[in-house]
S.K.: 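Below you will find the structure I want to go over with you.
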Number of protein chains: 2
Amino acid sequence: MTLSDKGGMTFSSHMAAALAEARAAGARGEVPVGAVVVSPLGEVVSAAGNRTRELSDPTAHAEVLALRAACAAAGSERLPGHVLYVTLEPCPMCAAAISAARIARLVFGAADPKSGGVLQGPLIFGHPQCHHVPEVIDGIAAGESAALLRDFFGLRRDG
Amino acid sequence: MTLSDKGGMTFSSHMAAALAEARAAGARGEVPVGAVVVSPLGEVVSAAGNRTRELSDPTAHAEVLALRAACAAAGSERLPGHVLYVTLEPCPMCAAAISAARIARLVFGAADPKSGGVLQGPLIFGHPQCHHVPEVIDGIAAGESAALLRDFFGLRRDG
C-alpha cells in the first residue's frame, strides 16, 4: 500500500535523476551508473555518478558518493527514512554501505549478474552480519539503465 | 615459501602500525580498528583508523580510508602487488573495496563473527561476482586486536 501510495510518478522522477547522473558519468568516461538519495520529505539531498577513474578511488561508485554527500549534509553517518535510487544493482561494497547508512529503501534499475551483491553472489542483505536490511525494489527503469551500460561497453569495445 | 621468506618481523611491524592506528581511533571515540597499506617494495604508503563518527561518513572505515589514501598517492584506482594489514576482519563493504582495489594480500588480526565479511556471512571473496581474490592471512596479532575492541566496548558500556 505504501508503495502504491507513493505512486509511479515519484519513482519515475527520482530514477530519471539517477539516469541523468549515469549519462553524465558515461560522458566523463566512467561506467554509467548514477544514484540519488531522497529524504523522508521527498527532497533529493544528494546525487552522484561514478567517478572511480577521475578520483583514482575504487570506492567512488555512484552510491558511495551519494551516501557520503548526504551524510555530510545531514551531519550524521546514518540516514534513517531516506531512499536511495540507483540505476544498477549495487555491488557488495555499495550494498553494505547502504546498510551501514541505515537507508530505509533501496530502489534500483537493472540487475547485475556480473558484479551485483543484492540479488546474487554474496546476497549482502541476507546474512546475520547485516545489521540493517532496507526494503528493496528492483527493476525500475531497468531497460534504460541496462541500455546505457550496453551502449557504453559496446562503444568502448569498438573504440 | 613467500610467506616465510617475508618473515615474522615484517608481519609484526606492519600489524603493529595498524594496531597503533586502532588505538588512536579508540582515543578519538571511534571503534578501534586500524589499517595500513604496504607497497610491493615494503613501504607503508598509507595508514588510517576508523573515522566514521568524526567525518559523519559510514564508509570511513580504516580499510576504506587507507585504500583511498594509497590510491590517491598512486594516482590509480588499483594497487597491484600491495598488502593491506588491518586489525579486524573486514566487513563486507571493506572486503569488496579491497577486491576492487586489486590488493594482492590481505592480512588481518581478529575474526569478526558479528560483522565480518571474509570468513563468515557473505563470504565476499567466495563468489563469481568477486573479480579479484586476494591472498588472505588471518589471526596476526589477533589477541591484541580483540582486546582493544573488548576494552573499548567494555568502557563504553560502563561509561
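Just so it is clear, the model here is predicted, and its values are computed rather than measured. In what follows, chains are A, B, ... by sequence order, proteins preceding strands, each numbered from 1.
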S.K.: A:T59 versus chain B, heavy atoms under 4.5 Å apart: side chain, backbone, both or neither?
M.R.: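 For A:T59, side-chain heavy atoms alone lie under 4.5 Å from chain B.
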S.K.: Given heavy-atom pairs under 4.5 angstrom as the criterion, report whether the side chain, backbone, both or neither of B:R102 touches chain A.
M.R.: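 Neither the backbone nor the side chain of B:R102 comes within 4.5 Å of chain A.
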S.K.: Nearest 0.5 Å, what's the NE2-OG distance between B:H131 and A:S115?
M.R.: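 B:H131 NE2 to A:S115 OG: 3.0 Å, rounded to 0.5 Å.
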S.K.: Given a strict heavy-atom distance threshold of 4.5 Å, which part of A:A72 is in contact with chain B: side chain, backbone, both, or neither?
M.R.: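 Contact with chain B: backbone only.
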S.K.: First locate atom CD1 of A:I98, then atom CG of A:L106, and finally report the distance between them rounded to the nearest 0.5 Å.
M.R.: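 Result: 4.5 Å between the selected atoms.
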S.K.: By a 4.5 Å heavy-atom criterion (distance strictly below it), what part of A:R78 contacts chain B: side chain, backbone, both, or neither?
M.R.: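 It is neither, since no heavy atom gets under 4.5 Å.
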S.K.: How long is the straight-line distance from CE of B:M15 back to CD of B:E144, given to the nearest 0.5 Å?
M.R.: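 Answer rounded to 0.5 Å: 10.0 Å.
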S.K.: So how far is it from B:N50 CG to B:D57 CG, rounded to the nearest 0.5 Å?
M.R.: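 These two atoms lie 10.5 Å from each other.
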